[in-house]
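Scroll down for the structure; my scribbles are underneath it.
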Number of protein chains: 2
Amino acid sequence: MTADELSKVFQALADPTRRDMVARLASGDASVGELAAPYDVSVQAVSKHLKVLEGAGLVTRSREAQRRPVHLEAEVFDLMTKWIERYRRAAEERFARLDAVLAAEAKPIAEDNPIGESA
Amino acid sequence: MTADELSKVFQALADPTRRDMVARLASGDASVGELAAPYDVSVQAVSKHLKVLEGAGLVTRSREAQRRPVHLEAEVFDLMTKWIERYRRAAEERFARLDAVLAAEAKPIAEDNPIGESA
DNA sequence: ATCGTTGTGAACCAAATGGTTGACAACGCG
DNA sequence: CGCGTTGTCAACCATTTGGTTCACAACGAT
């Protein structure tokens, strides 16, 4: 459903610079210039990064004279968390079940183990 | 520290096909062919996707005759969850604090609001 | 030993990504 | 008004990405 949205969010956070910007925005809004300062790239590059983050719904930009304060939108994080938790839980449950099965049958298995090079 | 690792994980999950593969692997291991079946792409393309997922530590591949069963590794999810939760919490706390401030000063603010076009 | 199945490797291609520079719009201030 | 500041847009470039096809390795089965 939100497949495309989710892709954009993950894509946006796949870049270390963008992730760092998000981290800094978590403690307060900032202007483009302020955001750009720590990095060794042009302001234009940072502007592009912001467009990606905005496209993913991770930040919003308002207007204040020439400034364009950037604001972090925390809600979108829920999208990711939900996705992650869903499948992690499934995988972990399956793991637990496997554990139980292995414990229950303390049986042959190993002797005619069909899995080669499991050594 | 895990900056590069985290980038790879987010990057890996930014692709819908890869995300779907992870979703399916959450309910059990599968061979490359099985994984490829639902998609309208070549087996080679799926093999590439698996290499990306493996590089991110999201899956491991063993050997069973010609088969290469793919197994989901749930632990890596923690990395993401930790990152996300950390900044989401910060952002939400800040939001709550702002709320409190606004509630406390039911004051002017609006009249000499420096933010243009806030309307 | 040969054949079919399963999967990987390599070369190639179009599109997207992240960066650059140059031009310019929007705004406050002298 | 004209100027400096702040930021975006556009064109361009190198690299990466996701896909293809062809070739081949690894293994079971006949």
Side-chain angles (χ1 to χ4, degrees), chain A residues 3-4 6-22 25 29-56 58-71 112-118, chain B residues 3-4 6-22 24-25 29-56 58-71 112-119:
Chain A
D4 203 49
L6 208 44
S7 292
K8 281 187 203 150
V9 176
F10 279 120
Q11 180 65 46
L13 294 178
D15 185 280
T17 301
R18 256 155 8 214
R19 233 161 34 237
D20 192 61
M21 291 198 279
V22 167
L25 285 168
D29 295 5
S31 71
V32 177
E34 286 165 354
L35 281 171
Y39 315 119
D40 194 20
V41 297
S42 63
V43 181
Q44 288 94 324
V46 171
S47 186
K48 275 196 185 180
H49 279 309
L50 285 172
K51 216 158 49 168
V52 174
L53 289 173
E54 192 177 27
L58 280 161
V59 306
T60 50
R61 287 184 275 182
S62 47
R63 179 130 233 178
E64 177 185 333
Q66 313 93 320
R67 305 264 154 56
R68 308 292 313 275
V70 181
H71 176 77
D112 66 350
N113 187 345
I115 302 170
E117 69 157 46
S118 70
Chain B
D4 203 49
L6 210 42
S7 292
K8 281 187 203 152
V9 176
F10 279 120
Q11 180 65 48
L13 294 178
D15 184 280
T17 302
R18 260 161 357 223
R19 232 165 32 240
D20 192 61
M21 290 198 280
V22 167
R24 288 166 54 215
L25 285 168
D29 295 5
S31 71
V32 177
E34 286 166 353
L35 281 172
Y39 315 119
D40 193 22
V41 297
S42 63
V43 182
Q44 288 93 327
V46 171
S47 186
K48 274 197 186 181
H49 279 309
L50 285 172
K51 216 158 51 168
V52 175
L53 289 172
E54 191 177 28
L58 281 161
V59 306
T60 51
R61 286 184 276 183
S62 48
R63 178 129 235 178
E64 176 185 334
Q66 312 95 318
R67 306 263 153 55
R68 306 292 313 274
V70 181
H71 175 77
D112 65 352
N113 186 345
I115 302 169
E117 68 155 47
S118 69

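Because the structure is a prediction, the values reported are computed rather than measured. Every chain is numbered from 1 and lettered A, B, ... according to where its sequence line falls, protein lines coming before strand lines.
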How would you summarise protein contacts on nucleotides 21-27 of chain C per nucleotide, using B for base, S for sugar-phosphate only and - for none, with heavy-atom distances below 4.0 Å?
BB---BB
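- Between D:dG18 and B:Thr17, no contact under 4.0 Å exists linking OP1 or OP2 to a side-chain N or O.
- Rounded to the nearest 0.5 angstrom, A:Thr60 OG1 and A:Arg68 CZ are separated by 10.5 Å.
- Put simply, CE on B:Met21 is 10 Å from P on D:dG18, counting in whole angstrom units.
- One can place CZ of B:Arg61 at 17 Å from P of C:dT6, the figure rounded to the nearest angstrom.
- Taken from CG in A:Leu13 to CG in B:Leu13, the straight-line distance is 11.0 Å, to the nearest 0.5 Å.
- For A:Lys51, whose side chain is taken as the heavy atoms from C-beta onward, the closest listed nucleotide among D:dG7, D:dG18, D:dC9 is D:dC9.
- Proximity of A:Ser31 to the phosphate of D:dG7: a side-chain N or O atom is located under 4.0 Å from OP1 or OP2.
- Look at CZ on B:Phe10: it is 17 Å from P on D:dT17, rounded to the nearest Å.
- Rounding to whole angstrom units, NE2 of residue B:His49 and C1' of C:dT8 are separated by 15 Å.
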Start with the C-alpha distance between B:Thr17 and B:Val41, add both sets of side-chain angles, then the distance that settles side chain to side chain contact (heavy atoms under 4.5 Å, CB included), and finish with yes or no.
CA-CA 10 Å; B:Thr17 302; B:Val41 297; 5.7 Å; no
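- Atom C1' of nucleotide D:dA26 and atom CZ of B:Arg68 are separated by 10 Å, given to the nearest angstrom.
- Between B:Arg18 atom CZ and D:dG19 atom C1' the separation is 12 Å, expressed in whole Å.
- Going from atom CG of B:Leu25 over to atom CG of B:Asp20 covers 9.5 Å, rounded to the nearest 0.5 Å.
- The side-chain hydrogen bond (donor to acceptor under 3.5 Å, both in side chains) contacts involving residues 42-52 of chain B comprise B:Arg18-B:His49, where partners must be two or more places apart or lie in separate chains.
- A:Asp15 and A:Arg19 are not joined by a salt bridge, as no carboxylate oxygen comes within less than 4.0 angstrom of a charged side-chain nitrogen.
- For A:Arg67, the side-chain atoms get nearest to D:dG7 when compared with the rest of C:dT8, C:dT17, D:dG7.
- Rounded to a whole Å, the CG atom of B:Leu50 is 12 Å from the P atom of C:dG9.
- Rounded to whole Å, the distance from NZ on B:Lys48 to C1' on D:dT20 is 8 Å.
- Interatomic distance, A:Arg67 CZ to A:Glu34 CD, rounded to the nearest 0.5 Å: 7.5 Å.
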